[in-house]
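Both backbone and side-chain heavy atoms feed into the values below; hydrogens, waters and symmetry mates do not. All figures in this text were calculated on a predicted structure; none of them were measured in a lab.
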Amino acid sequence: MSFSNYYFFFFFFFIVLAIPTHQISYLVTNTCEKTSFLDLCISVLGSAPETDVKDVQDLAKFALKMASLNGTAMHMQISSLLNTSSDEFIKQCLSDCSEIYIDATDQLEDSMVALDFKAFKDINTWVNAAITGSETCENGFKEEKGIVSPLSDLNLKFSQLCEISLAIVKILATS
């Protein structure tokens with residue numbers, strides 16, 4: 001094989017690999033521009049494997065999956081904090097948050113299934129309930145003066161991931 005044949009082979013190989021990545025990058029960027037949290041959206045959805053994301057519906061499912069995984073991570077973090085906290089009020093708040101995130105994760109998993117059936121109203125209801133749960137978790141710590149939630153940043157990120165999911169589902173529902 002001559003040098004020019006090698007050059008052509010590598011050029012062709014590069015082009016073949018670059019096209020799907022460019023298409024996915026465009027899909028992610030174009031979709032994320034319609035959400036309230038552009039940087040987080042691009043960061044999270046940009047990590048989607050090419051084989052999992054071919055269209056906006058796949059992005060919606062991936063966004064819901066990432067929000068669900070974040071909810072699971074939240075539950076694990078809360079369990080860890082429960083084991084190390086000695087304050088009874090904080091323990092009660094963490095216990096409440098633990099139940100909230102179990103429910104929220106279930107709602108997000110149900111939403112992924114509902115997406116296959118285009119049950120957009122159900123998804124909207126369940127994802128909004130997950131967001132409300134996150135806010136309820138955060139507000140629980142505010143009931144006692146001087147207590148600072150150890151989950152503030154995590155609750156915020158979870159809510160933002162849910163809102164990104166809702167924005168993408170809204171795109172699907174209106175198309």
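Gln160 contributes atom CD, which lies 10.5 Å from atom CG of Asp39 (distance to the nearest 0.5 angstrom). Atom-to-atom distance recorded for Thr174:OG1 and Leu172:CG is 8.0 Å, nearest 0.5 angstrom. Summarising the geometry, atom CE belonging to Met74 is positioned 5.5 Å from atom SG belonging to Cys137; distances are rounded to the nearest 0.5 Å.
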**Request:** Show your working on side chain to side chain contact (heavy atoms under 4.5 Å, CB included) between Trp126 and Leu108 and close with a plain yes or no.
**Result:** CA-CA 7 Å; Trp126 295 329; Leu108 291 168; over 6 Å; no
**Asked** Taking it one step at a time, do Asp116 and Lys61 satisfy salt bridge (Lys or Arg N to Asp or Glu O under 4.0 Å)?
**Response** CA-CA 9 Å; Asp116 292 333; Lys61 188 168 274 192; 2.6 Å; yes
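Not one N or O on the side chain of Lys118 forms a donor-acceptor pair closer than 3.5 Å with the backbone of Leu115.
Checked against the 6.0 Å centroid criterion, the rings of Phe158 and Tyr101 qualify as a close aromatic pair.
His75 and Ser98 share a donor-acceptor pair across their side chains, judged by distance under 3.5 Å alone. In this model, a donor atom of one side chain and an acceptor atom of the other lie less than 3.5 Å apart for Glu138 and Ser152. Between Asp96 and Gln92, the side chains place a donor N or O and an acceptor N or O closer than 3.5 Å (distance only, hydrogens not considered). Inspection of the Ser68 and Thr105 side chains reveals no N or O donor paired with an N or O acceptor under 3.5 Å.
Within 6.0 Å of CG on Asp153 lie no more than 12 heavy atoms contributed by other residues, nucleotides or ligands.
In this structure, Cys32 and Cys41 have their SG atoms less than 2.5 Å from one another.
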